[in-house]
Amino acid sequence: MARHLITSALPYINGIKHLGNMVGSMLPADVYARFLRQTGRETLFICATDEHGTPAELGAKELGLPVDTFCAQQHDAQKAIYEGFGLSFDYFGRSSSPENREITQHFARQLQKNGFIEERAIRQVYSLTDGRFLPDRYIVGTCPHCGYDKARGDQCENCTRVLDPTDLIDARSAISGSSDLEVRETKHLFLLQSKLQGEVEAWIDEHGKDWPILASSIARKWLTEGLNDRAITRDLDWGVPVPADTWPELAAEGKVFYVWFDAPVEYIGATKEWADQAPESRDWKSWWYEADDVRYTQFMGKDNVPFHTVMFPATQLGTREPWKKVDYVKAFNWLNYYGGKFSTSQKRGVFTHDALELLPADYWRYFMMANAPESDDTSFTWELFSSTVNKDLADVLGNFVNRVLSFSRKRFGDDVPAGNEAGAAESELGRQVSELLAEYERHMEEMQFRKAAQALRALWSAGNSYLEAKAPWLEIKTDPEGAALTLRTAMNLIHLYSIVSEPFIPASAAAMRSAFQLADDTATWVTADEAKSLSFIPAGTPFTVPPVLFAKITEDDLAAYRERFGGGEETAA
């Protein structure tokens, strides 16, 4: 049986992430990893903060902190939020780690050895006031296209036009604000992607044919346009340094590798961190090197696809070493906010720390996966959010759990009642539940998360339909033993729900499962065939009634959310 390696796109260190970042990579990766573990597959789920590059230096400068201190604080803040969302990383590392530095430099040396790195002179903006070359993002000015006065030297965030620093009007240094700039010649390392294009194309032809259309089409678009040689070093103070044993002159000048060169290597680096920091012996390399028994799945938003499907595979191929390359790329479109983009810089939309302040993580987890932007962009609105929570979580699942356990306790006490033997209604329910569970498993295996959420909701609804048909509140008046059977069957459904719902709503699943004081409750999954019997909880098992799983979102709540975060009108994209 294959081992499963899962990575989600590294969240950038600069700032708390919004819900769009969460649903585009880390959350679906967690749902899938949980499912694989529960169904008996050996799984390693790796992520890390992406800590190098211009925004990290600028973020640290803005707060008056050394960049390493800034990154350490931001890493801890993000890690706490992801723990709050119940993300089950086996390890959440840092791209500034010694392990990533070591492996990144190894990759660079191998590429140089094999003729895929070349030193070239280029012309770049130099700040006389700062005494340094400025990467594109260190240059700000007015966009010549839309007039936005805070456009960066690589792109205008307002109109999204790609720019060159020399395009900017009134260009100035983002460090000092000085406009005393000139263009000078400097040397950088270039990855010769043009020499690797054929190999990348052949690799995608072989491995990318089963990828989602979104991922494969983006990769092929880049290949069709042709792979250009790309500068992989920058003039920054913070980053993986160019190794002096291979490029002494550039190392003496303080060159560091481009963040998009070292960030994907951190998937490997973080796995080595996972091994190095464990008290017991762990073999990190078998997950990445000559790892023929590993199935590797990556999760990411569509903006990250080119780097993971073209640039990093080219890097791996160029090393001429047997590094594990991705088997399946699960890419996502955008989750927008009332029709417009979430924006970290403009603080538009719901951010992850605010979300956890408002409501428990499971509300957000289920909503995002039930509305995951898989086939196209989707839009977050408070109206859709409250409708999903109220209908699916509060009415369908939460209400079922509460009324079954409360009614049984009121009429039969604190133990699961015995009652009659199962009859035709229970047999039909078992058949239906088995079919729905098989459908749910199929969608999870295929990573079709919206369809999986629909199948899970249908499982919950089956319990409600059974309860309404049997009506134990009426049945108990004429047939107490029949009512006991109905409630015992419903309690078995609750236990089933507690197991199979865990990938989506882990905290609520744990609360449902802990309601029953079973002597031996070690099942990690229930197969479709096993589900038919609905006999997991024997009569006489003590139980408790947990607190209400999901509170409904009221109109007053909605009004408060809109006032705080905006919403109610479509926002221009």
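No experiment lies behind these values; they were computed from the predicted model shown.
Between Ala372 and Thr378, the shortest heavy-atom distance links the atoms O-CG2, 4.3 Å. Listed here is the closest heavy atom pair of Val416 and Ile537: CG2-CG2, 3.6 Å. Smallest separation of non-hydrogen atoms from Cys71 and Ile13: O-CD1, 3.4 Å. Heavy-atom minimum distance, Pro28 versus Phe449: O-CZ, 3.6 Å. Leu335 approaches Pro373 most closely through the heavy-atom pair N-CG, 4.0 Å. Taking all atoms of both residues into account, the shortest heavy-atom contact from Ala509 to Glu502 is CB-CA, 3.8 Å.
With sequence neighbours excluded, the residues that form a ring-ring contact (aromatic ring centres under 6.0 Å, His included) with Trp288 are Tyr296. When the salt bridge (charged side-chain N to carboxylate O under 4.0 Å, His left out) test is applied to Glu357, the partners found at least two apart in sequence or on another chain are Arg564. Applying the side chain to side chain donor-acceptor pair (under 3.5 Å) criterion to Asp30, with sequence neighbours excluded, gives Arg34, Ser88, Arg365.
Asp377 places a side-chain N or O within 3.5 Å of a backbone atom of Trp334 that can act as its donor or acceptor partner. Side chain of Asp414 to main chain of Pro542: no donor-acceptor pair is present (N/O by atom type, distance under 3.5 Å, no hydrogens or angles). Put simply, the side chain of Tyr91 never gets that close to the backbone of Lys272: no donor and acceptor are under 3.5 Å apart. Distance alone, capped at 3.5 Å, is enough to place a donor-acceptor pair between the Ser461 side chain and the Arg457 backbone. A donor-acceptor pair under 3.5 Å links the side-chain atoms of Arg3 to the main chain of Ser286, judged by distance alone. Ser434 places a side-chain N or O within 3.5 Å of a backbone atom of Ala528 that can act as its donor or acceptor partner. The backbone N or O of His495 lies less than 3.5 Å from a partner atom in the side chain of Ser498, making a donor-acceptor pair. A donor-acceptor pair under 3.5 Å links the side-chain atoms of His18 to the main chain of Asn21, judged by distance alone. Under the 3.5 Å distance criterion, the side-chain polar atoms of Lys325 are left unmatched by any main-chain donor or acceptor of Gln316. Checking side-chain atoms of Thr388 against main-chain N and O of Leu384 turns up a donor-acceptor pair under 3.5 Å.
Using a 4.5 Å cut-off on side-chain heavy atoms (C-beta onward), Asp415 and Phe543 make no contact. For the pair Lys391/Val396, no side-chain contact is recorded, criterion being any heavy-atom separation below 4.5 Å from C-beta on. Proximity of Glu439 to Leu436: side-chain heavy atoms (C-beta onward) are separated by under 4.5 Å at one or more points. Counting heavy atoms from C-beta on, the side chains of Pro472 and Leu467 come closer than 4.5 Å. Annotation: side chain of Trp473 is in contact with side chain of Arg403 (closest heavy-atom distance under 4.5 Å). In this structure the side chain of Tyr337 reaches within 4.5 angstrom of the side chain of Phe565, judged on heavy atoms. Contact of the Ser8 side chain with the Phe89 side chain is registered, since non-hydrogen atoms from C-beta on lie closer than 4.5 Å. Two residues are said to be in side-chain contact when any heavy atoms from C-beta on lie closer than 4.5 Å; Asp354 and Leu358 fail this criterion.
Inspection of the Glu428 and Tyr466 side chains reveals no N or O donor paired with an N or O acceptor under 3.5 Å. Side-chain contact, Glu99 with Trp284: no donor N or O sits under 3.5 Å from an acceptor N or O. Using modelled atom types and a 3.5 Å distance limit, the side chains of Asn492 and Thr489 yield no donor-acceptor pair. Defined by atom type and a distance below 3.5 Å, a donor-acceptor pair is present between the side-chain atoms of Ser508 and Asp362. Thr49 and Gln74 share no side-chain donor-acceptor pair at under 3.5 Å. Side-chain contact check for Glu266 and His52: no donor-acceptor pair (N or O, by modelled atom type) lies under 3.5 Å.
Atom CD of Glu383 and atom OH of Tyr338 lie 3.5 Å apart (nearest 0.5 Å). Ile505 CD1 to Met369 CE: the interatomic distance, rounded to the nearest 0.5 Å, is 13.0 Å. The distance from the CH2 atom of Trp274 to the CZ atom of Arg282 is 5.0 Å, given to the nearest 0.5 Å. With values rounded to the nearest 0.5 angstrom, Phe342 atom CZ is found 11.5 Å from Met22 atom CE. Here CD of Glu51 is found 10.0 Å from CG of Leu10. Values are rounded to the nearest 0.5 Å. Here CH2 of Trp323 is found 5.5 Å from NE2 of His106. Values are rounded to the nearest 0.5 Å.
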Check the pair Leu405 / Met491 against side chain to side chain contact (heavy atoms under 4.5 Å, CB included), numbers first and verdict last. CA-CA 7 Å; Leu405 297 180; Met491 289 186 190; 4.0 Å; yes
Output, in order, the C-alpha distance, side-chain angles, deciding distance and verdict of side chain to side chain contact (heavy atoms under 4.5 Å, CB included) for Tyr267 and Gln298. CA-CA 10 Å; Tyr267 297 127; Gln298 286 183 334; 3.9 Å; yes
Does the pair Leu493 and Val404 meet the rule for a side chain to side chain contact (heavy atoms under 4.5 Å, CB included), with working shown? CA-CA 10 Å; Leu493 274 178; Val404 166; over 6 Å; no
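Taking a 6.0 Å sphere around CD1 of Ile213, one finds it holds 12 or fewer heavy atoms contributed by other residues, nucleotides or ligands. Atom CD of Glu563 has 12 or fewer neighbouring heavy atoms from other residues, nucleotides or ligands inside a 6.0 Å radius.
In this structure, Lys552 does not pair ionically with Asp557, as no charged nitrogen and carboxylate oxygen lie closer than 4.0 Å.
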Per-pair distances, 0.1 Å, donor-acceptor, side chain in residues 38-46, under 3.5 Å, sequence neighbours excluded:
| unit_1 | atom_1 | unit_2 | atom_2 | d |
| --- | --- | --- | --- | --- |
| Gln38 | NE2 | Ile499 | O | 2.9 |
| Gln38 | NE2 | Thr524 | O | 3.0 |
| Thr39 | OG1 | Phe35 | O | 2.7 |
| Thr39 | OG1 | Leu36 | O | 3.2 |
| Thr39 | OG1 | Arg41 | NE | 3.0 |
| Thr39 | OG1 | Arg41 | NH2 | 2.8 |
| Arg41 | NH2 | Glu445 | OE2 | 2.8 |
| Thr43 | OG1 | Arg41 | O | 3.0 |

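Remark: of the listed residues Lys330, Lys302, Arg450, Lys330 is the sole one forming a salt bridge (charged side-chain N to carboxylate O under 4.0 Å, His left out) with Glu374.
In this structure, the ring of Tyr366 has its center less than 6.0 angstrom from the ring center of Trp460.
For residues 535-549, the side-chain hydrogen bond (donor to acceptor under 3.5 Å, both in side chains) pairs, not counting sequence neighbours, are Ser533-Ser535. Under the ring-ring contact (aromatic ring centres under 6.0 Å, His included) criterion, the residue pairs touching residues 384-433 are Trp364-Phe385, Phe367-Phe385, Phe380-Phe385, Trp382-Phe385, Phe400-Tyr497, with sequence neighbours excluded.
Ring geometry, Phe550 versus Tyr363: the interplanar angle exceeds 60°, so the pair is classed perpendicular (tilted spans 30 to 60°).
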